[in-house]
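Working notes for the structure below.
The structure displayed is predicted, hence computed values, not measured ones. Chain A is the first sequence line, chain B the second, and so forth, proteins listed ahead of strands; every chain is numbered from 1.
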Amino acid sequence: MNRFQDKFDPRVWEVVASIPPGRVMGYGEVARAAGFPRYSRMVSASLGRSPEPLPWHRVVRSNRTLAFEPGSSAYREQSQLLKQEGVRFDGLKIIEVEPDDSLDRILWGPQD
DNA sequence: GGGCTGACCTACT
DNA sequence: CAGTAGGCCAGCC
């Protein structure tokens with residue numbers, strides 16, 4: 001009964017909520033992580049119907065571009081939210097900021 | 001049942 | 001690296 005729930009599946013919710021700030025995941029990646037390979041389209045449908053506020057802006061296409069039409073209000077909103085978290089853009093493509101502890105190491109020393 | 005749609009993906013050219 | 005083609009799955013006529 002591993003079946004995607006109508007409207008919204010809590011497993012998708014958990015996966016999306018677990019994406020740390022400054023990092024992004026593809027729709028397909030989220031689907032796999034939630035246990036539903038090839039359900040990328042359902043992930044997008046779920047995000048729009050989430051009952052709770054989710055960091056939906058951290059979910060992007062597998063090619064590292066946003067899923068909205070460039071210039072649309074949704075696109076601007078998502079890109080702004082991502083930039084606030086330190087994500088950089090090279091035109092339409094996202095330059096994912098590495099988990100980059102390089103700076104942390106300089107400031108705080110090796111974590112280990 | 002058949003056909004179209006969508007915040008998609010992979011493979012191939 | 002960009003563009004195209006075919007595949008995927010649930011929801012709604």
Without swapping roles, check the side chain of [X] against the backbone of [Y] for a donor-acceptor pair under 3.5 Å.
X: A:Ser72; Y: A:Glu69; result: yes
X: A:Arg61; Y: A:Tyr27; result: no
X: A:Gln78; Y: A:His57; result: yes

In this structure, how many angstroms lie between the [atom2] atom of [N] and the [atom1] atom of [X], rounded?
X: A:Leu66; N: B:dA7; atom1: CG; atom2: P; answer: 14 Å
X: A:Arg61; N: C:dG3; atom1: CZ; atom2: P; answer: 13 Å
X: A:Leu47; N: C:dA10; atom1: CG; atom2: P; answer: 17 Å
X: A:Arg32; N: B:dC8; atom1: CZ; atom2: P; answer: 17 Å
X: A:Asn63; N: B:dC12; atom1: CG; atom2: P; answer: 18 Å
X: A:Glu69; N: B:dC8; atom1: CD; atom2: P; answer: 12 Å
X: A:Phe68; N: B:dC8; atom1: CZ; atom2: P; answer: 8 Å
X: A:Tyr39; N: C:dC9; atom1: OH; atom2: P; answer: 6 Å

Using atom P in both nucleotides, what's the gap between B:dA7 and C:dG6 to the nearest angstrom?
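23 Å, rounded to whole Å.
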
Looking at side-chain heavy atoms only, is the closest gap between A:Trp13 and A:Glu52 below 4.5 Å?
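A side-chain contact exists here, since the closest heavy-atom pair is under 4.5 Å.
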
Side chain of [X] - closest among [options]:
X: A:Met42; options: B:dA7, C:dC9, B:dC9; answer: C:dC9
X: A:Trp56; options: B:dA7, B:dC9, B:dT10; answer: B:dA7
X: A:Arg38; options: B:dC9, B:dT10, C:dC9; answer: C:dC9

Could you tell me whether A:Glu85 and A:Arg23 make a salt bridge, using a distance below 4.0 angstrom between a side-chain N and a carboxylate O?
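Salt bridge between A:Glu85 and A:Arg23, a charged N being under 4.0 Å from a carboxylate O: no.
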
A:Ser62 side-chain N/O to B:dT10 phosphate OP1/OP2 under 4.0 Å
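Yes, A:Ser62 has a side-chain N/O under 4.0 Å of OP1/OP2 on B:dT10.
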
Would you mind classifying the nucleic acid contact of A:Arg41 as base, sugar-phosphate or nothing, using non-hydrogen atoms under 4.0 angstrom?
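Touches a base.
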
